[in-house]
Participant: 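Encoded as C-alpha cells, here's the structure I'll be asking about.
Naming convention: chains lettered A, B, ... in sequence-line order (proteins, then strands); numbering from 1 in each chain. The model shown is predicted, which means the values in this text are computed figures rather than measured ones.
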Amino acid sequence: MTNGPRFRFAPSPTGSFHVGGARTALHNWALARRLGGTLVLRIEDTDEARNRPEWTEGIIDALAWIGISADDPHFEGPIFQSAYADAHVAAAQRLYEAGAAYYCDLTGEQVQQRAKELGTTGYDGYSRDRGLEPGPGRVLRFRVPDGSTVVCDAVRGEVEFDNSTIEDFVLVRGNGTPMFLLANVVDDMSMEITDVVRAEEHLPNTPKQQMLWEALGHEPPRWAHVPVLVNEQRKKLSKRRDKVALESYRDDGILANAMVNYLMTLGWTPPGAEEAGSEIFSWADLEAAFRLEDVNRSPAFFDEKKLIAFNKAYIRDLPLDEFVDRAGAELPDDWDRERFRAIAPHIQERLERLSDAAGAVDFLFVGDGVDPELDEASWTKAMTPEWSSSLLGDVTAAYESLPAERWDADTLKVTIEDIMGRFTTETGGAVKLGKAQAPVRVAVTGRSVGPPLFESLEVLGQAESVRRLRAAVTRADEPTAPD
RNA sequence: GCCCCCAUCGUCUAGUGGCCUAGGACACCACCCUUUCAAGGUGGCGGCACGGGUUCGAAUCCCGUUGGGGGUGCCA
C-alpha cells in the first residue's frame with residue numbers, strides 16, 4: 001500500500017491482450033512506481049467475460065510477463081467493475097436529483113428521426129425541460145452545461161471543447177443499466193484515481209468524463225493521452241487486421257524485456273540514448289526516466305523489424321545458462337539437452353527469436369545414420385569450384401583417420417587448412433577457408449549457413465560427421481545428368 | 001457532416017528561436033574483420049508536407065492549405 005498518486009489500467013477482457021494496451025500499462029506502471037504511487041487494475045467483467053475466466057487470467061498473465069506483477073506493492077487489484085454496480089446507480093440518482101441529468105422518453109430511432117427533420121445530428125435536448133419522471137424505457141441524459149470544457153492533458157497541453165458540440169449524452173439506458181461512460185467515471189472515483197493515462201482515442205470522450213467528475217462534486221484526475229499505435233497503413237492497430245496479441249509475440253520467442261524496451265521507445269526516447277548510441281535500456285532506467293511531458297504526440301508505427309533487433313540484443317545478453325534453459329524449452333522433448341548445451345554458445349548471438357533455436361541446430365539432432373535435409377542449391381554452389389570434389393574427398397579421409405582424442409574444433413580447422421593449401425583456384429590463387437569450408441558444411445548440415453562449422457562437427461562427433469561426409473563424397477562422384 | 005488530435009530520414013525519434021551544413025536508433029547499401037551466417041568496426045543513402053507571416057535570425061512561434069488519424073451508440 002502506498003499513498004502516492006493512483007493510476008489505473010482498465011482493459012476489457014476479450015481473449016487477447018493488445019500490444020497497445022501493454023504499452024499504456026507500462027506507462028502507468030513506470031509512473032506509479034517512480035512516483036511512489038499505485039497502479040490499480042480494474043477489469044470490465046462483462047457477462048461474456050464472466051463466463052470465460054481464462055480471459056481475465058490471460059490479462060493477469062500478460063501483465064506479469066511484462067513485469068507488472070500482482071505481488072508488487074505498487075499494484076492493486078484486480079478489481080472487477082461489477083463490484084461498483086451499486087455506486088453506478090447511486091451516482092445516476094444523485095445526478096438526477098441535482099438536476100444535472102434528466103429523463104427522456106425518445107427512442108434511438110426517434111432521436112434520429114428528429115435530427116433528420118431538424119437537419120442536425122445527434123440529440124437536440126428535446127426533453128431537457130419536460131420534467132419527465134423516471135420510468136420504464138426512459139433514458140437518463142446528462143445536461144451538458146453551456147460554455148466550454150478545457151481538458152488539461154500532460155502530453156497535449158490544454159485542449160478546449162465547445163460544450164455546444166457535445167450532445168446531452170445517455171447516462172442510464174431505458175432498461176436501467178448504466179452506460180460505460182458513467183460506470184467508468186464512477187469506478188475511477190471509487191478507486192480514488194488521480195491520474196488517467198490512456199491512448200489518444202479516448203481524448204474526444206474526455207470532456208464528457210470531466211463534466212461528470214465535476215457534476216459529481218469531484219476534482220477531475222490529471223489526464224494524459226498518449227499517441228495510438230498504428231500499422232503500415234497508419235491505421236490504429238486493430239485486432240482484426242494486425243498482429244496485436246502480446247501473447248503471440250511471447251509464443252514466437254520474443255523476450256519480455258525486449259518487448260517492454262521496444263514498447264517504451266514508441267513515442268518516447270529515453271534521454272541518453274543518443275550518447276549511448278543505443279536504445280537498449282533496463283526497466284530500472286526506463287522507469288526512472290519516463291516522463292509524460294516527453295512523450296511524442298504523433299502516432300507510432302509498430303515496427304516488428306525493430307522489435308526483432310531489440311530481441312536479438314536481449315538474447316545475446318542472456319547469461320549462457322539462462323539461454324540454454326529458455327531456448328531449450330522451445331526444443332522437441334527428445335533432443336539431447338547436453339548436446340544442445342554444447343552448441344548453444346555458438347548460436348546465441350545468431351538468433352532473432354528464441355523459437356528459432358530448433359531450426360538453427362536441427363542437423364545435430366536428426367539422429368545418427370540420418371542425413372539432414374539437403375538444400376540442392378547450396379550443394380550445387382558449394383561443389384561448383386574445380387577443386388571442391390577433391391578437397392571434400394581429402395578432408396573426409398583426413399577426418400576419418402583422426403585419432404578420436406583429437407576430434408576438436410581446432411584440429412578440424414587446422415586439418416582443412418592444411419588440405420586446402422594443396423589446391424588453387426581457377427585463377428591460380430589460394431583457396432580461402434571461407435570457400436573451402438562450404439562443401440564440408442553442406443555435406444554435414446545440408447545447408448550453406450549455420451553455426452560455426454568446426455564447433456558443429458566437434459559436437460556432432462567423429463563417427464556421424466565422417467558418415468555424412470562419405471555420403472557426400474559418393475554423391476559428388478555420381479555422374480551428372482547429361483544435358 | 002460535426003468535433004478533436006497530429007505532421008522531422010523508409011520506420012521510431014532528438015530538437016522548446018541562433019550550438020542544425022538537422023543528431024541517434026532500426027532497416028538498407030558498401031567496405032573492413034571473419035569459419036558460412038551472425039556479432040563488431042568504418043563509411044554511405046536518406047528528412048524538417050506546402051504557402052504566408054513574426055524575427056536580425058525559424059525545424060522550432062503565429063495563420064492558412066494540404067495530408068493523415070481518432071471520435072461522434074440506449075457498444076465497451
Participant: Could you check how far CD of A/Gln437 sits from P of B/C37, rounded to whole Å?
Facilitator: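 Taking CD of A/Gln437 and P of B/C37, I get 8 Å after rounding.
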Participant: Look at all strands and tell whether A/Pro451 reaches a base, only sugar-phosphate, or nothing, counting heavy atoms closer than 4.0 Å.
Facilitator: base
Participant: Please classify the nucleic acid contact of A/Ser12 as base, sugar-phosphate, or nothing, using heavy-atom distances under 4.0 Å.
Facilitator: sugar-phosphate
Participant: How close or far is atom P of B/U13 from atom OH of A/Tyr262, stated in whole angstroms?
Facilitator: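 Rounded to the whole Å, the gap is 9 Å.
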Participant: Rounded to whole angstroms, how far apart are CZ on A/Arg291 and P on B/U16?
Facilitator: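 The answer, rounded to whole Å, is 18 Å.
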Participant: Has the side chain of A/Lys306 got a donor or acceptor that lies under 3.5 Å from a partner of the other kind on the base of B/A25?
Facilitator: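 By the distance-only test, yes, there is a pair.
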Participant: Just to be sure I understand the rule, does A/Gly267 reach a base, reach only the sugar-phosphate, or reach nothing, if contact means heavy atoms closer than 4.0 Å?
Facilitator: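 Sugar-phosphate contact only.
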Participant: Looking across every strand, which nucleic acid part, if any, lies under 4.0 Å from A/Phe161 by heavy atom: base, sugar-phosphate, or nothing?
Facilitator: sugar-phosphate
Participant: Could you tell me whether the side chains of A/Arg441 and A/Thr445 share a donor-acceptor contact shorter than 3.5 Å?
Facilitator: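 There is no such pair (donor and acceptor under 3.5 Å, judged by atom type) between the side chains of A/Arg441 and A/Thr445.
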Participant: For the pair A/Arg42 and A/Glu44, find out whether any cationic side-chain nitrogen is under 4.0 Å from an anionic carboxylate oxygen.
Facilitator: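 Salt bridge between A/Arg42 and A/Glu44, a charged N being under 4.0 Å from a carboxylate O: yes.
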Participant: For a quick check of understanding: with a heavy-atom distance under 4.0 Å over all strands, which category does A/Arg441 fall into, base, sugar-phosphate or nothing?
Facilitator: base
Participant: With P as the reference atom in both, quote the distance from B/U16 to B/U21 in angstrom, rounded to an integer.
Facilitator: 14 Å
Participant: Grab the CG-P distance between A/Asn261 and B/C12 for me, whole Å please.
Facilitator: 17 Å
Participant: Assign the ring pair A/Phe423 / A/Trp387 to parallel, tilted or perpendicular, where the plane angle (0 to 90°) is split at 30° and 60°.
Facilitator: tilted
Participant: With a 4.0 Å heavy-atom cut-off, tell me which residues in residues 142-159 of chain A come close to RNA chain B, sorted by residue number.
Facilitator: A/Arg156, A/Val159
Participant: Would you classify A/Glu201 as touching base, sugar-phosphate or nothing, given that sugar-phosphate means primed atoms plus P, OP1 and OP2, and contacts are heavy atoms under 4.0 Å?
Facilitator: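 Here A/Glu201 touches the backbone only, sparing every base.
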Participant: Can you pull out the residues from residues 373-393 of chain A that lie within a 4.0 Å heavy-atom distance of RNA chain B?
Facilitator: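 When residues 373-393 of chain A is checked for heavy atoms under 4.0 Å from RNA chain B, there are no hits whatsoever.
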Participant: Look at all strands and tell whether A/Leu106 reaches a base, only sugar-phosphate, or nothing, counting heavy atoms closer than 4.0 Å.
Facilitator: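 If one applies the 4.0 Å heavy-atom cut-off, A/Leu106 turns out to touch a base.
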Participant: Quickly work out the A/Arg297 CZ to B/C4 P distance and round it to whole Å.
Facilitator: 17 Å
Participant: Give me the distance, rounded to whole Å, that separates B/C63 from B/C28 when you measure between the P atoms they each carry.
Facilitator: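 One P to the other, the span is 42 Å.
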Participant: Can you work out whether A/Glu274 or A/Lys413 has the more 5'-proximal nearest nucleotide on RNA chain B?
Facilitator: A/Glu274
Participant: Does A/Asp356 reach a base, just sugar-phosphate, or nothing at all? Heavy atoms under 4.0 Å.
Facilitator: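 No contact.
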Participant: Is it the case that A/Asn163 and A/Thr149 place a side-chain donor and acceptor less than 3.5 Å from each other?
Facilitator: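 Yes - a donor-acceptor pair under 3.5 Å links their side chains.
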Participant: On a whole-Å scale, what distance lies between the P atoms belonging to B/A39 and B/C4?
Facilitator: 48 Å
Participant: Using a heavy-atom cut-off of 4.0 Å across all strands, would you classify A/Glu275 as base, sugar-phosphate, or nothing?
Facilitator: nothing
Participant: How about A/Tyr249 and A/Phe302: are their ring centroids closer than 6.0 Å?
Facilitator: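 Close enough - the centres of the two rings lie under 6.0 Å apart.
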Participant: Please confirm whether any donor atom in the side chain of A/Arg234 sits under 3.5 Å from an acceptor in the base of B/U11, or the reverse.
Facilitator: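 No, the side chain and the base share no sub-3.5 Å donor-acceptor pair.
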Participant: If you measure from the C1' atom in B/A38 to the same atom in B/U13, how many Å do you get, rounded?
Facilitator: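 Straight-line distance between the two C1' atoms is 27 Å.
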Participant: Compute the centroid of each ring, for A/Tyr96 and then for A/Tyr102, and state whether the two points are separated by less than 6.0 Å.
Facilitator: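 Centroid separation for A/Tyr96 and A/Tyr102: 6.0 Å or greater.
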Participant: Between A/Asp252 and A/Ser355, is there a side-chain donor-acceptor contact under 3.5 Å, judged purely by atom types and distance?
Facilitator: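 Distance-only check fails for A/Ser355 and A/Asp252.
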Participant: Calculate the interatomic distance between A/Asn175 atom CG and B/C75 atom P; express it in whole Å.
Facilitator: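 In whole Å, B/C75 P lies 9 Å from A/Asn175 CG.
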Participant: Mapping A/Val228 and A/Phe310 onto RNA chain B by nearest heavy atom, which one lands closer to the 5' end?
Facilitator: A/Phe310
Participant: Using the ring of each side chain (for Trp, its six-membered ring), is A/Phe9 parallel, tilted or perpendicular to A/Phe17, with breaks at 30° and 60°?
Facilitator: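 Rings of A/Phe9 and A/Phe17: perpendicular, as their planes differ by over 60°.
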Participant: Distance to the ring centre below 6.0 angstrom and angle to the axis at most 45 degrees; does that hold for A/Arg141 and A/Tyr123?
Facilitator: yes
Participant: Pairing check on B/A7: which nucleotide meets the Watson-Crick or G-U wobble criteria with it, both distances under 3.5 Å?
Facilitator: B/U66
Participant: A/Thr107 near the nucleic acid: base, sugar-phosphate alone, or nothing, with a heavy-atom cut-off under 4.0 Å?
Facilitator: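 Contact class for A/Thr107: base.
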Participant: Under 3.5 Å, is there a donor on one side chain and an acceptor on the other for A/Gln81 and A/Asp187?
Facilitator: yes
Participant: Would you indicate what A/Gly434 reaches in the nucleic acid, counting non-hydrogen atoms under 4.0 angstrom: base, sugar-phosphate, or nothing?
Facilitator: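 Sugar-phosphate contact only - A/Gly434 comes under 4.0 Å of backbone atoms but never of a base.
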Participant: So which pairs with a foot in residues 134-166 of chain A pass ring-ring contact (aromatic ring centres under 6.0 Å, His included), sequence neighbours left out?
Facilitator: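 For residues 134-166 of chain A, and leaving out neighbouring residues, the ring-ring contact (aromatic ring centres under 6.0 Å, His included) pairs sorted by first residue read A/Phe142-A/Phe169.
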Participant: Regarding A/His346 and A/Ser456, do their side chains bring together a donor and an acceptor under 3.5 Å, going by distance alone?
Facilitator: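 There is no such pair between these side chains.
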Participant: Which part of the nucleic acid, if any, lies within contact of A/Ser448, taking any heavy atom under 4.0 Å across all strands shown: a base, the sugar-phosphate backbone alone, or nothing?
Facilitator: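 Base: the residue A/Ser448, judged by heavy atoms under 4.0 Å, touches a nucleobase.
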Participant: Could you tell me which nucleotide pairs with B/C28 by Watson-Crick or G-U wobble geometry, both distances under 3.5 Å, or answer none if nothing does?
Facilitator: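 B/C28 is paired with B/G44.
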Participant: Partner of B/C2 by Watson-Crick or G-U wobble geometry, both contacts under 3.5 Å, or none?
Facilitator: B/G71
Participant: Does A/Ala438 reach a base, just sugar-phosphate, or nothing at all? Heavy atoms under 4.0 Å.
Facilitator: nothing
Participant: Specify the separation, in whole Å, of atom CG of A/Asn296 and atom P of B/C9.
Facilitator: 12 Å
Participant: Please give the distance between the C1' atoms of B/A25 and B/C37 as a whole number of Å.
Facilitator: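 Taking atom C1' in both B/A25 and B/C37, they lie 23 Å apart.
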Participant: Okay, side chain of A/Asn28, backbone of A/Val197: is any donor-acceptor separation there less than 3.5 Å?
Facilitator: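 Yes, because the side chain of A/Asn28 sits within donor-acceptor range (under 3.5 Å) of the backbone of A/Val197.
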Participant: Rounding to an integer number of angstrom, what distance separates B/C48 and B/C9 when you compare their C1' atoms?
Facilitator: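 These two C1' atoms come out 10 Å apart once rounded.
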Participant: What integer number of Å spans the C1' atoms of B/C2 and B/G23?
Facilitator: 42 Å
Participant: Rounded to whole angstrom units, what separation is found between the CE atom of A/Met264 and the C1' atom of B/A25?
Facilitator: 16 Å
Participant: Determine the Euclidean distance between corresponding P atoms of B/C61 and B/U8; express it in Å to zero decimal places.
Facilitator: 13 Å
Participant: Using a cut-off of 4.0 Å on non-hydrogen atoms, how would the nucleic acid contact of A/Gly108 be classed: base, sugar-phosphate, or nothing?
Facilitator: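 Base contact.
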